[in-house]
Amino acid sequence: MADTRAFQDEVGRWAAGDTGGDTARELAVELGLRTAVLLEGPSDFAAVETLAAARGRDLAAEGVCVVSMGGAMSVARYAELLGPPGLDLRLTGLCDEREQGYYERGLRRAGAPDRDFFVCVADLEDELIRTLGPAAVEEIIRVAGDLRPWQTFLSQPAQHGRPRHQQLRRFLGTKKGRKIRYGTLLVEALAPDRVPAPLEDLLGSL
């Protein structure tokens, strides 16, 4: 039986031009997909999947597939493939404020509305850090076993005098895979009634 992972992988190949999309179409029908959640990268993917699981949501069973695009500038391509010109799925997702223009143009070109896309001021990591507070995030870093790398990072001259939330945001992006890991850990630490608005609104729209 098909699963959403197979669909996600096939869509990635399709977007890269490696396939014609026939398998993706077949999988979408078999899975009963109705909505594609377009996210910039794997850390956003981890955060959305983690929050959905914490809420007891089975997105796949609801006909929802979360897709990591590998960058905001890929949105036009994914909207074309998954939206009205392609699989005709409802499109939703998150975008960063500075990249909102890419999303608006890409969705417009695909004939898809942009009202279901929710905007993070800087990015989702920044939203999570501001919601939790720097002290709580530092404790998560300590418990996760990254206290020494964090302290080493803080000793760098470039970090001197910077606001703590900016230091934390930068730290999460300094090592491959760290943003993905903390996309899960930060969401797991959220109180149920203290979820950043873009993430809460996205999940509520599904």
Side-chain angles (χ1 to χ4, degrees), residues 1-12 14-15 24-70 72 74-75 78-79 81-84 86-96 103 107 112-121 123-133 136-137 140 143-144 172 177-206:
M1 181 178 177
D3 58 23
T4 54
R5 178 65 67 185
F7 176 76
Q8 291 158 346
D9 291 344
E10 188 62 28
V11 166
W14 189 15
R25 290 180 184 278
E26 293 169 3
L27 289 169
V29 171
E30 185 175 344
L31 292 165
L33 295 182
R34 57 178 180 81
T35 298
V37 181
L38 302 183
L39 300 173
E40 182 177 342
S43 61
D44 294 348
F45 181 100
V48 171
E49 293 266 296
T50 300
L51 182 60
R55 297 279 177 86
R57 300 277 300 271
D58 184 344
L59 296 182
E62 297 175 27
V64 177
C65 183
V66 183
V67 177
S68 173
M69 300 184 295
S74 298
V75 67
Y78 278 84
L81 299 181
L82 302 181
L87 302 187
D88 199 21
L89 302 178
R90 172 186 171 240
L91 302 180
T92 185
L94 296 172
C95 71
D96 301 342
Y103 282 74
L107 293 166
D114 62 9
R115 64 177 179 270
D116 292 331
F117 280 76
F118 304 96
V119 181
C120 301
V121 174
D123 54 25
L124 184 54
E125 287 78 23
D126 182 67
E127 297 278 353
L128 291 167
I129 291 166
R130 286 191 287 111
T131 298
L132 289 164
V137 176
I140 293 167
V143 172
L172 297 185
R178 184 176 284 157
K179 285 180 71 173
I180 302 171
R181 182 186 183 204
Y182 280 91
T184 296
L185 293 176
L186 297 184
V187 169
E188 287 177 341
L190 292 170
D193 61 344
R194 291 281 294 162
V195 175
L199 190 56
E200 183 69 71
D201 292 344
L202 171 63
L203 199 66
S205 76
L206 301 177

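- If you take CH2 on Trp14 and CG on Leu81, they are separated by 4.5 Å, rounding to the nearest 0.5 Å.
- Interatomic distance, Leu190 CG to Glu188 CD, rounded to the nearest 0.5 Å: 10.0 Å.
- For the side chain to side chain contact (heavy atoms under 4.5 Å, CB included) test, residues two or more places apart in sequence or in another chain that qualify with Pro42 are Ser68, Ile180.
- Summarising the geometry of Pro84 relative to Asp88, their closest heavy-atom pair is CA-OD1, 3.4 Å, with the distance given to 0.1 Å.
- For Val143, the side chain to side chain contact (heavy atoms under 4.5 Å, CB included) partners are Glu139, not counting sequence neighbours.
- By the salt bridge (Lys or Arg N to Asp or Glu O under 4.0 Å) test, Arg178 pairs with no residue at all, sequence neighbours left out.
- Each of Thr4, Val37, Thr35, Val66 was scored for a side-chain contact (heavy atoms from CB on, under 4.5 Å) with Leu59, with one residue passing: Val66.
- With values rounded to the nearest 0.5 angstrom, Leu33 atom CG is found 13.5 Å from Arg90 atom CZ.
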TODO: Go through the steps to decide whether Leu38 and Phe117 satisfy the test side chain to side chain contact (heavy atoms under 4.5 Å, CB included), and finish with yes or no.
DONE: CA-CA 9 Å; Leu38 302 183; Phe117 280 76; 4.1 Å; yes

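- Taking CZ of Arg181 as the reference point, atom CG of Leu186 lies at 11.0 Å (rounded to 0.5 Å).
- Nearest heavy-atom pair across Leu94 and Pro198 is CD2-O, 3.5 Å.
- By the salt bridge (Lys or Arg N to Asp or Glu O under 4.0 Å) test, Glu125 pairs with Lys179, sequence neighbours left out.
- Contact record, Gly12 with Tyr78: CA-OH, 3.9 Å, taken as the closest heavy-atom pair.
- With sequence neighbours left out, the salt bridge (Lys or Arg N to Asp or Glu O under 4.0 Å) criterion links Arg130 to Asp126, Glu127.
- The only option from Asp96, Leu199, Leu128 that meets the side-chain contact (heavy atoms from CB on, under 4.5 Å) definition with Cys120 turns out to be Asp96.
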- [ ] Begin with the C-alpha distance, continue with both residues' side-chain angles, and end with the deciding distance and a verdict on side chain to side chain contact (heavy atoms under 4.5 Å, CB included) for Leu172 and Val137.
- [x] CA-CA 11 Å; Leu172 297 185; Val137 176; 5.6 Å; no

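- Contacts classified as salt bridge (charged side-chain N to carboxylate O under 4.0 Å, His left out) and involving residues 44-61 (residues at least two apart or in different chains) are given here: Arg55-Glu200, Arg57-Glu62.
- Interatomic distance, OG1 of Thr92 versus CG of Asp114, reported as 10.5 Å (0.5 Å rounding).
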